[in-house]
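A quick write-up on the structure given underneath.
So you know, we letter chains A, B, ... as the sequences are listed, proteins then strands, and number each from 1.
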Amino acid sequence: MYKLSATYYLNNDVVFLAKDLIGKVLCTEIDGQVAKGIITETEAYNGVHDKACHAYGGRRTDRTEIMFGEGGKAYVYLCYGIHHLFNIVTGPKDDPTAVLIRGVEPLEGKKLFLERRKKTNLKNISSGPGTLTQALAIKTHHTGEELIGETIWIEDHGIDVPENELEIGPRIGIDYAGEDAKLPFRFLWRM
DNA sequence: TATAAGATTTACT
DNA sequence: GTAAATCTTATAT
């Protein structure tokens, strides 16, 4: 088991990273409490060429600025006024690619998952992009956080995901993106 | 300064 | 299965 290094995130193939991150372990230490979850679902956001990406066409705003920096940082933003969505910025400088984490499975600190989500069982406790951030206590102010630091990081536990359990398909909830909404950039581990 | 729309979740019919 | 909740960001006055 080891923590992913900074160079891992500099890979310019965001689709490869989205696939490779399935089975990795997302960890947070917030308020002195450690929680870990196995990543089971991701989506790739392929920079300026991707209509579904916030940085499509080189749009550079205060919000998307972080994606134009080097990979290895967190990009957390609020959707529908309620939900915090967690992205991993990837690729070299000026290449605004990112991987959206859409789902995790509780691994460590399960008690925290239950408390933060106010639930009594672990079923579907962090199966959506907005709910996993709640379970791991990730908030918008974590944007820009180094993923090799002490607050949010990713570990490789050597978990093997069989090819036949990996579902690849079009992304969800981005119908407005036209043709790009159909690209097979979504990866889901069917356990 | 004001308005429109959104990478979703939850509750209710 | 359908609809409401809810507030930030981006774009237009």
Side-chain angles (χ1 to χ4, degrees), chain A residues 9 13-22 24 26 28 35 37 39-69 71-91 95-106 112-145 147 152 154 167-189:
Chain A
Y9 303 104
D13 188 346
V14 66
V15 178
F16 165 80
L17 283 177
K19 183 181 177 186
D20 196 60
L21 280 166
I22 300 283
K24 296 284 192 293
L26 177 63
T28 64
I39 298 170
T40 56
E41 188 173 353
T42 64
E43 279 179 9
Y45 282 84
N46 195 17
V48 296
H49 304 295
D50 184 352
K51 281 185 189 156
C53 181
H54 289 153
Y56 171 67
R59 264 184 319 184
R60 192 163 183 157
T61 65
D62 288 345
R63 183 174 66 157
T64 61
E65 183 65 30
I66 186 70
M67 282 201 286
F68 286 87
K73 292 190 173 64
Y75 169 39
V76 186
Y77 98 101
L78 201 58
C79 184
Y80 293 88
I82 311 169
H83 306 290
H84 302 265
L85 272 58
F86 176 68
N87 299 256
I88 298 166
V89 178
T90 64
D95 187 15
T97 52
V99 175
L100 169 69
I101 306 300
R102 290 189 58 91
V104 302
E105 188 74 18
L112 294 171
F113 279 69
L114 293 171
E115 283 175 6
R116 287 166 177 161
R117 295 275 293 124
K118 299 193 189 336
K119 289 198 149 198
T120 51
N121 64 70
L122 291 167
K123 190 166 162 41
N124 291 338
I125 200 164
S126 52
S127 56
T131 56
L132 78 89
T133 54
Q134 197 180 340
L136 294 176
I138 295 172
K139 299 287 168 49
T140 51
H141 68 258
H142 290 116
T143 289
E145 195 73 43
L147 296 178
I152 304 173
I154 296 177
E167 185 172 318
I168 302 174
R171 290 171 294 182
I172 305 289
I174 51 164
D175 294 341
Y176 64 89
E179 287 298 307
D180 284 340
K182 297 175 186 156
L183 293 170
F185 284 179
R186 171 169 174 260
F187 300 91
L188 170 65
W189 186 5

task: Look at the side chain of A/Thr131 and decide which nucleotide, out of C/dT6, C/dT9, B/dT9, has an atom nearest to it.
output: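 Given the options C/dT6, C/dT9, B/dT9, the side chain of A/Thr131 is closest to B/dT9.
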message: Side chain of A/Arg59 only, heavy atoms from C-beta on: which candidate in C/dT11, B/dT9, B/dA7 is closest?
response: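 Nearest listed nucleotide: C/dT11.
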B/dG6 base stacked by A/Tyr80 (centroids within less than 5.5 Å, tilt under 30°):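 Stacking is present between B/dG6 and A/Tyr80, given that their ring centres fall under 5.5 Å apart and the planes under 30°.
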query: A/Arg59 side chain to A/Cys53 main-chain N or O, any donor-acceptor pair under 3.5 Å?
result: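 It does hold such a pair.
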- prompt: Within the side chain of A/Thr97, is there an N or O that forms a donor-acceptor pair under 3.5 Å with the backbone of A/Gly47?
  reply: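 No; zero donor-acceptor contacts below 3.5 Å.
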Using atom [atom1] of [X] as one end and atom [atom2] of [N] as the other, report the distance to the nearest whole Å.
X: A/Leu100; N: B/dG6; atom1: CG; atom2: P; result: 17 Å
X: A/His54; N: C/dT8; atom1: NE2; atom2: P; result: 15 Å
X: A/Leu78; N: C/dA5; atom1: CG; atom2: P; result: 18 Å
X: A/Ile82; N: B/dA11; atom1: CD1; atom2: P; result: 12 Å
X: A/Asp175; N: B/dG6; atom1: CG; atom2: P; result: 10 Å
X: A/Leu132; N: B/dA7; atom1: CG; atom2: P; result: 16 Å

- prompt: Out of A/Glu41, A/Glu43, A/Arg186, which one pairs with A/Leu100 under the side-chain contact (heavy atoms from CB on, under 4.5 Å) rule?
  reply: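 For A/Leu100, the side-chain contact (heavy atoms from CB on, under 4.5 Å) test succeeds with only one of A/Glu41, A/Glu43, A/Arg186, which is A/Glu43.
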field: Any A/Arg102 side-chain N or O less than 4.0 Å from OP1/OP2 of B/dA7
entry: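 Indeed not, no polar side-chain atom of A/Arg102 lies that close.
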query: How about A/Asn121: does its CG atom have over 12 heavy atoms from other parts shown lying under 6.0 Å from it?
result: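 Yes, enclosed.
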